[in-house]
Number of protein chains: 2
Amino acid sequence: MSNKRALTDRESALPALAEAFREHGFEGATLASLSKATGLGKGSLYNFFPGGKDEMMEAVLENIDGWFADAIFSPLENVSDPAAAVTAMFDDVTAYFRSGRRVCVVGCLGLNSSGETFAVKVKDYFARWISALAHCLEVAKVPPAMAVDLAEEAVSGIQGAIVLARALGDDASFQRIVRRLQSTLLDAIGRYG
Amino acid sequence: MSNKRALTDRESALPALAEAFREHGFEGATLASLSKATGLGKGSLYNFFPGGKDEMMEAVLENIDGWFADAIFSPLENVSDPAAAVTAMFDDVTAYFRSGRRVCVVGCLGLNSSGETFAVKVKDYFARWISALAHCLEVAKVPPAMAVDLAEEAVSGIQGAIVLARALGDDASFQRIVRRLQSTLLDAIGRYG
DNA sequence: CAAAGTTTGTACCGATAGGTACAAGGCAAC
DNA sequence: GTTGCCTTGTACCTATCGGTACAAACTTTG
């Protein structure tokens, strides 16, 4: 297979690209910084991503979305033990966002106008997260309207915790907030399950 | 007074500057866009803000902080009726952030490395908000540890609501989340007050 | 090894970034 | 009206932006 190498390298550059976008934002990330982050020259970068920065971000979003689909969304959508699934979600999310030290690329994109190009992907990511979590709560017999409300609150709360933890430079606050969100959900599950 | 005009114009440019920084972020806001937003030429901009973009953002932060100090922090710090103060805070915040359509400049600054220059101001803003709100809850006889937790949760929750509402393009979600946060606080006040 | 295709560094492009210099214009005080 | 200060537009600077071109180097295939 002639394109095996190419695809592999393109794929393996994504985490570094994601990290660079996380650190500097989409506008703030220059080709020079992306080149340094990945260890690839400009030539290679444009070889793998002919569409430039836009295509790189697109690929990064796809990659992130894939990770979340596997690690977060699917387990919630195909849940058998809701309480365990919720606990696992919070554990995975805390690890993924490094207790708020790591920023959510998707959330950040939505915040300024440079991300308008990716608006659909951003929206879908959050919509799917909320509906997956709401489904999980409904399986635990939480009334549908309340399930959606709680799911929305939890996803939003995680984003807020990232903002606050970054602003205060204090991941302990992230942990506290997320722990509270988790018990709110577990309480609801316990109440109806 | 010879410098009255100058100071007035500098001050009156701040809202437009803030809006431009909100829309494009700090890195994304170019001098051209700042010039267009304020209606001031480059010459005037550098006359009022010799330090360039950094000084403009500094002034914008100062301005925002002043507004919050007057409208949000002080009423919480010098509270007599905690329930009314909390309700007023949520009303003012909802109006200020236009139900999440408007982004929080301070929160955004904390998210990427371009805001490191302003880290102290960002941190102080959130720290003061949380401690003012916690104080308000303590006046309502909420136990101190719980007051801090609730305050942290509320401030963080507002930031999360902005992120989510922007991402989904749906201010109704902002309203729902903020209403929930408000009742959580009012419940606590009612329970102990 | 030779042929064919991939991957890479380097040099380069026009556009625009943030910032400076400065002369012309506007405005108050006398 | 004239003086002196403040304000402003324009022209200009260098650095860097995202992006292109392309030949050299490397792989893979036979």
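Naming convention: chains lettered A, B, ... in sequence-line order (proteins, then strands); numbering from 1 in each chain. Note that these values count all heavy atoms, side chains included, but never hydrogens, waters or copies made by symmetry.
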State, to the nearest 10°, the angle formed by the axis through the first five base pairs of the helix from C:dC1-D:dG30 to C:dC30-D:dG1 and the axis through its last five.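 The value is 20°.
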
Each residue besides B:Val148 in its hydrophobic cluster should be listed here, by chain and number; the cluster joins Ile, Leu, Val, Met, Phe, Trp and Tyr at side-chain heavy-atom distances under 4.5 Å.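 Answer for B:Val148: none, a lone residue.
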
Mind checking whether A:Gln159 and A:Cys104 have side chains closer than 4.5 Å, heavy atoms only?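 Contact flag for A:Gln159/A:Cys104 side chains = yes.
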
Give every donor-acceptor pair under 3.5 Å between a side-chain atom in residues 106-120 of chain B and any protein atom, sequence neighbours left out.
from: B:Asn112; atom 1: OD1; to: B:Ser114; atom 2: OG; distance (Å): 2.7
from: B:Ser113; atom 1: OG; to: A:Glu23; atom 2: O; distance (Å): 3.3

Check the distance between [N]'s [atom2] and [X]'s [atom1] and give it to me in whole angstrom.
X       : N      : atom1 : atom2 : value
B:Leu34 : C:dG19 : CG    : P     : 10 Å
B:Lys36 : C:dG18 : NZ    : C1'   : 18 Å
A:Leu40 : C:dG9  : CG    : P     : 8 Å
B:Phe48 : D:dG9  : CZ    : P     : 10 Å
B:Asp9  : C:dA28 : CG    : C1'   : 15 Å

Provide the full list of salt bridge (Lys or Arg N to Asp or Glu O under 4.0 Å) pairs with a residue in residues 178-193 of chain B, sequence neighbours left out, each pair given once.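 Non-adjacent pairs meeting salt bridge (Lys or Arg N to Asp or Glu O under 4.0 Å): A:Asp149-B:Arg180, A:Glu153-B:Arg180.
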
Of all pairs that satisfy salt bridge (Lys or Arg N to Asp or Glu O under 4.0 Å), the ones with a partner from residues 92-111 of chain A, not counting sequence neighbours: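 Those involving residues 92-111 of chain A are A:Glu19-A:Arg102, A:Arg101-A:Asp171.
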
For B:Lys121, which residues count as a salt bridge (charged side-chain N to carboxylate O under 4.0 Å, His left out) partner, sequence neighbours excluded?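 Listed in chain order: B:Glu58, B:Glu62.
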
Quick one: is C:dT8 close enough that its OP1 or OP2 comes under 4.0 Å of any side-chain N or O from A:Ser44?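 For C:dT8, OP1/OP2 do have a side-chain N/O of A:Ser44 under 4.0 Å.
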
Does A:Asn47 have a side-chain nitrogen or oxygen under 4.0 Å from the phosphate oxygens OP1 or OP2 of C:dT7?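 It does, given that an N or O in the side chain of A:Asn47 lies less than 4.0 Å from OP1 or OP2 of C:dT7.
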
For residues 63-78 of chain A, which residue pairs pass the side chain to side chain donor-acceptor pair (under 3.5 Å) check, not counting sequence neighbours?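 Listed by first then second residue: A:Glu77-A:Arg128.
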
Restricting to ring pair (Phe, Tyr, Trp, His ring centres under 6.0 Å), what partner residues turn up for B:Phe68, sequence neighbours left out?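 Only B:Phe73, B:Tyr96, B:Tyr125, B:Trp129 meet the ring pair (Phe, Tyr, Trp, His ring centres under 6.0 Å) criterion with B:Phe68.
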
Grab the N/O contacts between the protein and nucleotides 16-20 of chain D below 3.5 Å, and write none if there aren't any.
from: D:dG18; atom 1: OP1; to: A:Ala29; atom 2: O; distance (Å): 3.3
from: D:dG18; atom 1: OP1; to: A:Lys53; atom 2: NZ; distance (Å): 3.0
from: D:dG18; atom 1: OP2; to: A:Leu31; atom 2: N; distance (Å): 2.7
from: D:dG19; atom 1: OP2; to: A:Tyr46; atom 2: OH; distance (Å): 2.6
from: D:dG19; atom 1: OP2; to: A:Lys53; atom 2: N; distance (Å): 3.3
from: D:dG19; atom 1: O5'; to: A:Tyr46; atom 2: OH; distance (Å): 3.1
from: D:dG19; atom 1: N7; to: A:Lys42; atom 2: NZ; distance (Å): 3.4
from: D:dG19; atom 1: O6; to: A:Lys42; atom 2: NZ; distance (Å): 2.2

